[in-house]
There are 2 protein chains.
Amino acid sequence: MRLPLKTEYACQVMAQLAKTYATGEVRRVEELATAEGLSPNYLVQILTQLRPVGLVVSKRGKNGGYLLGRAPETISLAEIAGAMEGDILIETSNGIIGMSSEKVNQAWARANQELQSALSEICLTELIPDDVEPNSPQDWVI
Amino acid sequence: MRLPLKTEYACQVMAQLAKTYATGEVRRVEELATAEGLSPNYLVQILTQLRPVGLVVSKRGKNGGYLLGRAPETISLAEIAGAMEGDILIETSNGIIGMSSEKVNQAWARANQELQSALSEICLTELIPDDVEPNSPQDWVI
DNA sequence: GAATACATTAGTAAGTGACGCAACTTTAAA
DNA sequence: TTTAAAGTTGCGTCACTTACTAATGTATTC
């Protein structure tokens, strides 16, 4: 079961925005994309999905860009994942097509809830990257 | 994030085999497939994957079929899912391609462990379908 | 009003999942 | 000992999804 790259990228951008939340500075898409090694055009689509739920705020026009919508301490992984994939993180087939499919689905629904509550305990602040010394080698480049 | 149908089917077959574990009767693939509304050809591939880890036992030749490998009380959802998908249920990209990708991956690895432990608490006995009255309508048919 | 940056939508290419099929092997029963 | 019922294995494939690219639209600032 692969976690969609989209969701992974969303976590990365949120972490990146969290890093400068205190300063209040607006971050351009291109800057965010290069910092996380992603395609800017694709990143826009992810940010667009994070905006309607208030996780990020955008400013258009010149000197525009993105900011975190709320303080990073109030944001959990569950919320980010939910914005990207909806409330059901582990999707099963909804239809009942066999004797035991109902109970199996119920079991996985419970597993989904447990996952949700585990994710809601992981705070965005835990994802903020350590500051790199200006002249140190950037070891995160592949 | 979709749970692979393969894994869902595996749970269903295991539940079906658990139902008759006490009697020790051998179940044919075709019978199992119709009971769970699955394609026999595909179900074979799933059972083949469950066999090497000892979750099911097969008897070949005439009057052959499948049995549960162990008592259902000793089998958890974690084990079934692990047999189908490996130990990492939530796969993330392994490479470090951005400033915060490392911490993001670590966070999801934690989430994966929490999911695992949640699944290990769900026992196969909980998946055994309720017995249907012989003449009652089979309400599990779609 | 021109430059700049986000917004939106359409398109696409590669990968993956969920099967179907066919040939082979094993074994109980006649 | 033959036969037929069953599991075993591997290949093929079709459709769907994902991860992008690209082009065009829209808002803001100087």
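The basis for the numbers below is simple: all heavy atoms, side chains too, and nothing from hydrogens, waters or symmetry mates. Numbered from 1 within each chain, the chains take letters A, B, ... in sequence-line order.
Distance CD1 (A:I97) to C1' (C:dA18): 12 Å, rounded to an integer number of Å. Between the C1' atom of C:dG15 and the CG atom of A:L5 lies a distance of 12 Å, rounded to the nearest Å. Protein atom CG of B:L38 is 8 Å distant from nucleotide atom P of C:dC19, rounded to whole Å. Rounded to whole Å, atom C1' of C:dA18 lies 15 Å from atom CD of B:Q12. Rounded to whole angstrom, the span from the CD atom of A:E8 across to the C1' atom of D:dA19 amounts to 13 Å. For A:R28 and D:dT28, the CZ to C1' distance is 15 Å, given to the nearest whole Å.
In this structure, B:E25 contributes its side chain and B:T20 its backbone to no donor-acceptor pair below 3.5 Å. Using modelled atom types, one side-chain atom of A:E8 and one backbone atom of B:S93 make a donor-acceptor pair closer than 3.5 Å. Judged by distance alone, the side chain of B:Q116 and the main-chain N or O of B:D87 form a donor-acceptor pair under 3.5 Å.
Contact annotation for B:R2: no contact, since no heavy-atom pair falls under 4.0 Å across all strands.
In plain terms, the two heavy atoms of B:P72 and B:A18 that are nearest each other are CB-CB, 3.9 Å.
The salt bridge (Lys or Arg N to Asp or Glu O under 4.0 Å) test applied to A:E79 returns A:R70, not counting sequence neighbours. With sequence neighbours left out, the salt bridge (Lys or Arg N to Asp or Glu O under 4.0 Å) criterion links A:R27 to A:E31.
In this structure, the nucleotide among C:dC6, C:dA18, D:dC20 sitting nearest to the side chain of A:S39 is D:dC20.
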* Take B:C11 and B:M14 through the test side chain to side chain contact (heavy atoms under 4.5 Å, CB included) and record every step on the way to the result. => CA-CA 5 Å; B:C11 296; B:M14 290 295 287; 5.8 Å; no

* Please report the C-alpha distance between B:K19 and A:M99 in whole Å, then the side-chain angles of each, then the deciding distance to 0.1 Å, and finally whether the side chain to side chain contact (heavy atoms under 4.5 Å, CB included) criterion is met. => CA-CA 11 Å; B:K19 195 181 158 193; A:M99 273 186 75; 3.0 Å; yes

* **Chi angles and distances behind the side chain to side chain contact (heavy atoms under 4.5 Å, CB included) call for A:E102, A:N105** => CA-CA 5 Å; A:E102 189 175 0; A:N105 283 342; 5.9 Å; no

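Residues of residues 83-93 of chain B having a heavy atom closer than 4.0 Å to DNA chain C: none are found. DNA chain C is contacted by B:N41, B:Y42, B:Q45 of residues 41-56 of chain B, taking any non-hydrogen atom closer than 4.0 Å.
The phosphate of C:dG17 has neither OP1 nor OP2 within less than 4.0 Å of any side-chain N or O from B:Y9.
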Extract all donor-acceptor atom pairs below 3.5 Å that involve side chains of residues 43-60 of chain A and protein atoms in other chains or at least two apart in sequence.
unit_1: A:T48; atom_1: OG1; unit_2: A:V44; atom_2: O; d: 2.7
unit_1: A:Q49; atom_1: NE2; unit_2: A:M84; atom_2: O; d: 3.2

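Side-chain atoms of B:E36 and A:S100 include a donor-acceptor pair closer than 3.5 Å.
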Distances under 3.5 Å between nitrogen or oxygen atoms of protein and nucleotides 28-30 of chain C:
unit_1: C:dA28; atom_1: O4'; unit_2: B:K62; atom_2: O; d: 3.4
unit_1: C:dA28; atom_1: O3'; unit_2: B:N63; atom_2: ND2; d: 3.0
unit_1: C:dA29; atom_1: OP1; unit_2: B:N63; atom_2: ND2; d: 2.9

